[in-house]
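What follows is a set of notes on a single structure, which appears directly below.
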Number of protein chains: 2
Amino acid sequence: MRTARPRALTLRDVSAAAGVSEMTVSRVLRDRGDVSAATREKVLTAARSLGYVPNRIAGGLASQRVNLVAVMIPSLSNLVFPDVLGGISAELDDTPLQPVVGVTQYAPAREEAVLYDMLSWRPAGLILAGLEHSRAARAMLRAAGVPVVEIMDTDGESVDCAVGISHRRVGAEMAATILNAGYRRIGFLGTHMPEDHRARKRLEGFEAGLSEAGVPLAAREFYQGGSSLVKGRELTERILTRKPDLDFLYYSNDMIGAGGLLWCLEQGIDIPGRLGLAGFNGVEMLKGLPRRLATTDARRVDIGRRAARIVAGKDPRPDGGVIELVPTFLPGDTIRQV
Amino acid sequence: MRTARPRALTLRDVSAAAGVSEMTVSRVLRDRGDVSAATREKVLTAARSLGYVPNRIAGGLASQRVNLVAVMIPSLSNLVFPDVLGGISAELDDTPLQPVVGVTQYAPAREEAVLYDMLSWRPAGLILAGLEHSRAARAMLRAAGVPVVEIMDTDGESVDCAVGISHRRVGAEMAATILNAGYRRIGFLGTHMPEDHRARKRLEGFEAGLSEAGVPLAAREFYQGGSSLVKGRELTERILTRKPDLDFLYYSNDMIGAGGLLWCLEQGIDIPGRLGLAGFNGVEMLKGLPRRLATTDARRVDIGRRAARIVAGKDPRPDGGVIELVPTFLPGDTIRQV
DNA sequence: GTGAAAGCGCTAACAC
DNA sequence: GTGTTAGCGCTTTCAC
């Protein structure tokens, strides 16, 4: 049997112990207004010795301000979002704000529910991944009355403002790079996730880039579920079995790209001579593969930082509402040099 | 200029729109008490069309109950914690509770601050990694008056209860396995993190296991910062340069183990003949390496689930306060068969 | 089945 | 520099 919950301490208890008014205690604990050093000491000592922890539920209600920033991302088990969160935390660290994370699992209905939920805490700002949301979600975002920053993507309309990269352009530029290196029989490998709009836009940009040069996308292969090395291997084997004459594989993320790379090397395929490879993300953790996989760095940390700066009021809402960062192409050594 | 924040809607607004008392609206929105179907419909319609989002700050204060579970973990950029969180979420999904995550960065001072912070929201329960906390943190945990589950580790005393595995035993069993396979010149590679108590305990258990058989640990190599494939390569090269005659390398996690494995294969080292390798965690994402790295699965998802079940009241607090799960040894093919 | 009154634990605003 | 009063937006409790 757990011992009965002892009534939690309140300001009143500290007030009694310190022999000053609740108001004074409140001021000391929040470091607000003028309080004499002596009183301050008394209060702090009393609060500490009692083990008082302020009740923010009450505080938030009274002050009508809650120092939370709601952050909504599709997934945690996706090497990219921890980086974004890192950028956000780093930038909020010297402010009173703190991030609260909600995971939407690439499901619009779930996003709507999580948003409703987060809004019920009346956060001071909102950061969420992507520009695509349900009607209801967009309505909630507009009505929130606090800064809303949509991150990762700039191809579309934001509710309030956006910080990200153009995935369409990433795809198009990768197409140009690949064509320029002389590859012509090109395949694409990615997740089958209609709701992963950024992956979709990269593919669209990629195909557009290819077809501008009159090159069709020769094959595509999709998978379900999380990314892993094995998935990359299986996909690669599958696509090359179907179309053995492909000379380039563009993966929608580095993890499956890495799996593909390992598989190809084991098969003795000449990389990048006979077959070129590229991924997406620029995941730090995966540096150290037998070859450096060509990829595009998605500026994840910077995106988090810039978004947080806006919400924290360190930076103004950008003109036009959009900050488009420039992704960095990392050539690696899985694309032929020209 | 952002438009001025419109006063957020309150129950009063919905009440006015629906033509019933605030109390009735509240009952409908919380699905409590008897409300006639007609009234219910009226209220729901009004709430929806206004775009009303309940204010949980006020609700929490009034009801003295907040359906949050505080979850405190050392890091997100560590393939293991997303799994734990997944287990927790899965188990809380059919309850009114939801997890709120705080990241402590393996820093006791930071853990204390995050804890203070989370307690100020008066959560309905607490799940936190590890059994080692500052005096102040332990005091707060004891005084919290809600279920507290310490996870990942069972080697030590819990404040309330614990769900985890014995890292000491993991280390000892790996030692036995390695010795049994005939390896004798054994090195250890891990992070230099005095506050990663679980890694420390694995090493202690490992050394104890070796020395029981009269085998000393022949070398150890530590690194700073996050784990990655490159780190694993560098460490491996370093330790083998120092002690070329080592015949086994035990890594404190799979990521650096994978880096080491790749490096060794490139050097043409016979794995597992001339040199055996093992990691720790059983990270799904890394299956698909050229060899399956021997490792121990840490039961991360189950740990999350069991902890959540206790907090949610689905399971009682365990007898003796501890649930020790059995980690699974995954032999892979980087240890010689006996 | 519905409503009215009181109050949750704080802080804003103002008084002294 | 410190205290008093009112009230944040809900839910509890009890009356009807």
Side-chain angles (χ1 to χ4, degrees), chain A residues 5-44 46-47 50-68 96 117 119-124 145, chain B residues 5-44 46-47 50-68 96 117 119-124 145:
Chain A
R5 177 169 190 164
R7 187 188 53 71
L9 295 169
T10 71
L11 268 189
R12 185 188 207 88
D13 299 300
V14 184
S15 157
V20 296
S21 74
E22 293 183 33
M23 202 50 234
T24 300
V25 175
S26 169
R27 280 196 267 254
V28 171
L29 263 24
R30 284 175 304 139
D31 245 325
R32 277 239 207 306
D34 292 325
V35 181
S36 73
T39 312
R40 211 186 125 70
E41 244 357 278
K42 256 195 313 200
V43 170
L44 253 22
L50 290 174
Y52 172 68
V53 177
N55 183 333
R56 292 225 213 174
I57 301 281
L61 182 60
S63 65
Q64 301 283 76
R65 279 181 296 95
V66 175
N67 290 326
L68 294 179
D117 222 279
L119 286 176
S120 75
W121 293 105
R122 301 292 188 265
Chain B
R5 177 173 189 162
R7 187 186 56 69
L9 296 167
T10 70
L11 267 189
R12 183 186 209 90
D13 300 299
V14 183
S15 157
V20 296
S21 74
E22 294 183 32
M23 201 49 238
T24 301
V25 175
S26 169
R27 280 196 265 255
V28 172
L29 263 24
R30 284 175 304 139
D31 245 327
R32 279 240 206 303
D34 293 324
V35 180
S36 73
T39 312
R40 213 185 123 70
E41 245 355 280
K42 256 197 313 201
V43 170
L44 253 20
L50 290 173
Y52 172 69
V53 177
N55 184 333
R56 291 226 214 175
I57 301 282
L61 182 59
S63 65
Q64 301 284 78
R65 280 181 295 95
V66 174
N67 290 327
L68 294 179
D117 223 279
L119 286 177
S120 75
W121 293 105
R122 302 290 188 266

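Below, read A as the first sequence line, B as the second, and so on, with proteins coming before strands; counting in each chain starts at 1.
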Set out, line by line, the N/O atom pairs under 3.5 Å between protein and nucleotides 14-16 of chain C.
none

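Mapping S36(B) and R32(A) onto DNA chain C by nearest heavy atom places S36(B) at the nucleotide closer to the 5' end.
Of the residues in residues 14-25 of chain B, M23(B) come within less than 4.0 Å of DNA chain D through at least one heavy atom, sorted by number.
As judged by a 4.0 angstrom heavy-atom cut-off over every strand, D34(B) is placed among the base-contacting residues. When heavy atoms are screened at a 4.0 angstrom cut-off, R40(B) is found touching no nucleic acid atom at all.
The separation between L11(B) atom CG and dA5(C) atom P is 17 Å, rounded to whole Å. Put simply, CG on N67(A) is 16 Å from P on dC10(C), counting in whole angstrom units. One atom, CG of L29(A), and another, P of dC10(C), lie 9 Å apart when rounded to the nearest Å. If you take CZ of R12(B) and P of dG3(C), they are 14 Å apart, rounded to a whole angstrom.
In terms of the side-chain contact (heavy atoms from CB on, under 4.5 Å) criterion, residue partners of T39(B) (sequence neighbours excluded) are, by chain and number, V20(B), T24(B), V35(B), S36(B), V43(B). Residues meeting the side-chain hydrogen bond (donor to acceptor under 3.5 Å, both in side chains) test with R40(B), sequence neighbours left out: D31(B). For S120(B), the side-chain contact (heavy atoms from CB on, under 4.5 Å) partners at least two apart in sequence or on another chain are V53(A), R56(A). Checked against side-chain contact (heavy atoms from CB on, under 4.5 Å), A47(A) has the following partners two or more places apart in sequence or in another chain: V14(A), L29(A), Y52(A). Residues satisfying the side-chain hydrogen bond (donor to acceptor under 3.5 Å, both in side chains) criterion with S15(B), sequence neighbours excluded, are absent altogether. With sequence neighbours excluded, no residue forms a salt bridge (Lys or Arg N to Asp or Glu O under 4.0 Å) with R65(A).
At most 12 heavy atoms of other shown residues, nucleotides or ligands fall within 6.0 angstrom of atom CZ in R12(B).
Summarising the geometry, atom CZ belonging to R27(B) is positioned 11.5 Å from atom CZ belonging to R32(B); distances are rounded to the nearest 0.5 Å. Between atom CG of residue N55(A) and atom CG of residue L61(A) there is a gap of 10.0 Å, rounded to the nearest 0.5 Å.
In plain terms, the two heavy atoms of G60(A) and V66(A) that are nearest each other are CA-CG2, 4.3 Å. Between L11(B) and S26(B), the shortest heavy-atom contact is CD1-CB, 3.9 Å.
Considering only heavy atoms from C-beta on, D13(B) comes within 4.5 Å of T10(B) through its side chain.
End-to-end axis angle for the helix from dG1(C)-dC16(D) to dC16(C)-dG1(D), using five pairs per end and rounding to 10°, comes out at 30°.
Out of dG1(C), dC8(C), dA12(C), the shortest distance to the side chain of Q64(B) is found at dC8(C).
For the pair T39(B) and dT2(C), the criterion of a side-chain N or O lying under 4.0 Å from OP1 or OP2 is met. The side chain of R65(B) contributes no N or O atom lying less than 4.0 Å from OP1 or OP2 of dC8(C). The phosphate of dG9(C) has neither OP1 nor OP2 within less than 4.0 Å of any side-chain N or O from T10(A).
Of all nucleotides in DNA chain D having an atom under 4.0 Å from a heavy atom of chain B, the first and last in 5' to 3' order are dG9(D) to dT12(D).
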